[in-house]
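FYI, the numbering just counts along the sequence from 1.
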Amino acid sequence: MEKYGDALFALDRAEEIRLRLLAEVFDPLCTRTLEMLGVAPDARCLEVGAGSGSVAQWLCGQAGDGEVVATDLDPRLLESVPEPRLRRLVHDVTTDPFPDDSFDVIHARLLLSHLPQRDEVMRRMLRWLRPGGFVLIESFCWFPVDSSPHPTYRKVMQRWSKLICGTLGTDSWWSRTQPGSLLDHGYRDVGAHTVTQNLRGGTRLADFWRLTVDMSREQLLGGGYVTPYELDEFYALLCDDTFWDLAPALVQSWGYK
């Protein structure tokens with residue numbers, strides 16, 4: 001099975017653009033929840049799979065007297081984050097350690113659902129938290145796509161999900177039980193909410209999903225998941241400002257040590 005970032009989600013110019021769109025669209029949802037949970041001025045924070053580093057940069061502003069560690073398998077984008085206090089690390093969350101009781105806040109966005117080792121990662125994160133600290137996990141949930149009235153949008157998104165499930169071990173439906181998983185692994189005061197966004201063609205959200213699918217164009221066509229016509233029709237829908245549907249939902253779950 002392929003590892004996240006080997007081919008799918010590998011960092012190139014298109015992926016850099018996609019990650020910056022992701023930050024633009026989803027950072028407001030993330031930071032609103034982190035504000036609700038509370039990031040203390042002296043908090044020690046860990047951003048796992050930090051991508052473009054936008055959330056890590058925000059955490060630096062909140063934890064001005066603390067520390068922020070941002071990790072990624074490929075941290076090149078983190079070098080451009082204009083924050084001298086940010087500690088940048090090449091780190092594989094499935095194998096590389098941190099000392100127990102190291103952090104007050106741990107955040108992972110759109111990462112754990114792609115990792116077959118997600119249960120072990122959640123156990124490791126609990127050990128890394130200090131007593132009273134919390135973890136926030138964000139993952140997509142596919143139910144708005146499965147009920148879409150637009151056949152091409154539904155088919156292409158479902159087939160893309162099938163591709164990454166088979167290639168990476170992604171579970172696009174794990175997010176439905178994500179809060180229960182936190183309980184199972186010993187977190188307390190678990191909470192969650194889900195945000196379902198309206199998807200209109202030609203918007204930044206539509207651009208994000210169009211680029212997300214397009215990065216797998218070769219695999220989708222080569223594996224017979226979709227036809228070239230279906231893929232082109234999907235792209236056209238997401239560029240058409242008369243197209244409306246629902247994007248995959250974002251499930252945010254948190255729990256404390």
Could you go step by step and tell me if Asp232 and Arg217 meet the salt bridge (Lys or Arg N to Asp or Glu O under 4.0 Å) rule? CA-CA 10 Å; Asp232 288 343; Arg217 180 183 179 92; 3.6 Å; yes
Please lay out, stage by stage, how His193 and Trp254 fare under the test ring pair (Phe, Tyr, Trp, His ring centres under 6.0 Å). CA-CA 9 Å; His193 58 231; Trp254 56 88; 5.3 Å; yes
Before giving the answer on ring pair (Phe, Tyr, Trp, His ring centres under 6.0 Å), spell out for Phe134 and Phe103 the whole-Å C-alpha distance, their side-chain angles and the decisive distance to 0.1 Å. CA-CA 9 Å; Phe134 69 85; Phe103 300 103; over 10 Å; no
Could you walk me through whether Glu15 and Leu19 pass side chain to side chain contact (heavy atoms under 4.5 Å, CB included), step by step? CA-CA 6 Å; Glu15 175 67 356; Leu19 287 173; 3.8 Å; yes
Step by step, would you call Arg109 with Asp27 a salt bridge (Lys or Arg N to Asp or Glu O under 4.0 Å)? CA-CA 10 Å; Arg109 177 168 63 185; Asp27 275 8; 2.8 Å; yes
Given side chain to side chain contact (heavy atoms under 4.5 Å, CB included), test Val90 with Asp96 step by step and report yes or no. CA-CA 9 Å; Val90 177; Asp96 295 334; over 6 Å; no
Between Leu205 and Gln197, is the side chain to side chain contact (heavy atoms under 4.5 Å, CB included) condition met? List the steps. CA-CA 9 Å; Leu205 178 60; Gln197 295 174 288; 3.8 Å; yes
Could you go through Phe26 and Val195, starting from their C-alpha distance and side-chain angles, then the distance that decides it, and tell me whether this counts as side chain to side chain contact (heavy atoms under 4.5 Å, CB included)? CA-CA 10 Å; Phe26 294 102; Val195 181; over 6 Å; no
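Between Asp184 and Arg123, no side-chain nitrogen of the basic residue sits less than 4.0 Å from a carboxylate oxygen of the acidic one, so the salt-bridge criterion is not met. Using a cutoff of 4.0 Å between basic side-chain nitrogens and carboxylate oxygens, Arg13 and Glu16 are scored as salt-bridged. With respect to Arg130 and Asp104, a salt bridge is recorded, a charged nitrogen being found less than 4.0 Å from a carboxylate O. For Arg127 and Asp101, the salt-bridge test fails: no basic side-chain N is under 4.0 Å from an acidic carboxylate O.
Side-chain contact between Val145 and Gln158 is present, with at least one heavy-atom pair separated by less than 4.5 Å. Proximity of Leu221 to Pro228: side-chain heavy atoms (C-beta onward) are separated by under 4.5 Å at one or more points. The side-chain heavy atoms of Val81 and Arg88, taken from C-beta on, include a pair separated by under 4.5 Å. Between Ile106 and Leu136, the closest side-chain pair of non-hydrogen atoms is not below 4.5 Å. Side-chain contact between Asp241 and Thr203 is absent, with no heavy atoms from C-beta onward closer than 4.5 Å. Residues Cys30 and His107 meet the side-chain proximity criterion, which asks for heavy atoms closer than 4.5 Å. You'll find the side chain of Leu34 reaches within 4.5 Å of the side chain of Val55, heavy atoms only. Contact of the Asp240 side chain with the Arg200 side chain is not registered, since no non-hydrogen atoms from C-beta on lie closer than 4.5 Å.
In this structure, the separation between OG1 on Thr194 and CG on Leu250 is 8.0 Å, given to the nearest 0.5 Å. Summarising the geometry, atom CG belonging to Leu246 is positioned 12.0 Å from atom CG belonging to Asp146; distances are rounded to the nearest 0.5 Å. The CD1 atom of Ile17 sits 10.5 Å away from atom CG of Asp207, with the distance rounded to the nearest 0.5 Å. With rounding to the nearest 0.5 Å, the separation of CG in Leu110 from CD1 in Ile137 is 11.5 Å. Considering OG of Ser102 and CG of Leu46, their distance stands at 9.0 Å, rounded to 0.5 Å. Atom OG1 in Thr177 sits 7.0 Å away from atom CG in Asp171 (nearest 0.5 Å).
Val25 and Trp58 end up in different hydrophobic clusters when Ile, Leu, Val, Met, Phe, Trp and Tyr side chains are linked at under 4.5 Å. Transitive grouping of hydrophobic side chains (ILVMFWY, heavy atoms separated by less than 4.5 Å) keeps Trp244 and Trp209 in distinct clusters. Both Met36 and Val105 are part of a single hydrophobic cluster, where members link through side-chain heavy atoms under 4.5 Å apart. The cluster map of Ile, Leu, Val, Met, Phe, Trp and Tyr, joined by side-chain heavy atoms under 4.5 Å apart, puts Tyr225 and Leu237 in the same cluster. Hydrophobic clustering (side-chain heavy atoms under 4.5 Å, transitive across Ile, Leu, Val, Met, Phe, Trp, Tyr) keeps Leu111 apart from Leu22.
What you find for Arg85 and Cys60 is that their closest heavy atoms are NH2-O, 2.6 Å. The nearest pair of heavy atoms linking Leu182 to Gly255 is CD1-N, 4.1 Å. When all heavy atoms are compared, the tightest approach of Gly202 to Ala206 is N-CB, 3.9 Å. Here the closest non-hydrogen pair linking Arg188 and Gly132 is NH2-CA, 4.0 Å. Closest of all the heavy-atom pairs between Thr71 and His91 is CB-CB, 3.6 Å. Nearest heavy atoms, Pro144 versus Ala249: CG-N, 3.8 Å.
Below 30°, between 30° and 60°, or above 60°: for Tyr153 and Phe234 the angle between ring planes is below 30°, a parallel geometry. Taking the six-membered ring where the residue is Trp, Phe208 and Phe140 present tilted rings, their angle falling between 30° and 60°.
Judged purely by distance below 3.5 Å, without hydrogens or angles, the side chains of Gln178 and Ser139 pair a donor atom with an acceptor atom. With hydrogens and angles left out, the side-chain atoms of Arg18 and Thr212 include a donor and acceptor closer than 3.5 Å. For the residue pair Gln252 / Glu138, a side-chain donor-acceptor distance below 3.5 Å is found, with atom types taken as modelled. A donor-acceptor contact closer than 3.5 angstrom links the side chains of Ser172 and Ser161.
For Glu79, the CD atom is densely surrounded, since the number of other residues' heavy atoms within 6.0 Å is greater than 12. Within a 6.0 Å sphere centred on NZ of Lys155, heavy atoms belonging to other residues, nucleotides or ligands number more than 12.
Of the possible donor and acceptor atoms, one in the side chain of Trp128 sits under 3.5 Å from a partner among the backbone N and O of Phe98. Put simply, the side chain of Thr170 never gets that close to the backbone of Gly166: no donor and acceptor are under 3.5 Å apart. Counting only distance, with no hydrogens or angles, the side chain of Lys257 and the backbone of Leu126 share a donor-acceptor pair below 3.5 Å. The closest donor-acceptor contact from the side chain of Asp214 to the backbone of Arg210 lies at 3.5 Å or more, if one exists at all. Of the possible donor and acceptor atoms, none in the side chain of Ser216 sits under 3.5 Å from a partner among the backbone N and O of Gln219. The main-chain N or O of Leu112 is found under 3.5 Å from a side-chain atom of Arg118 such that the two form a donor-acceptor pair.
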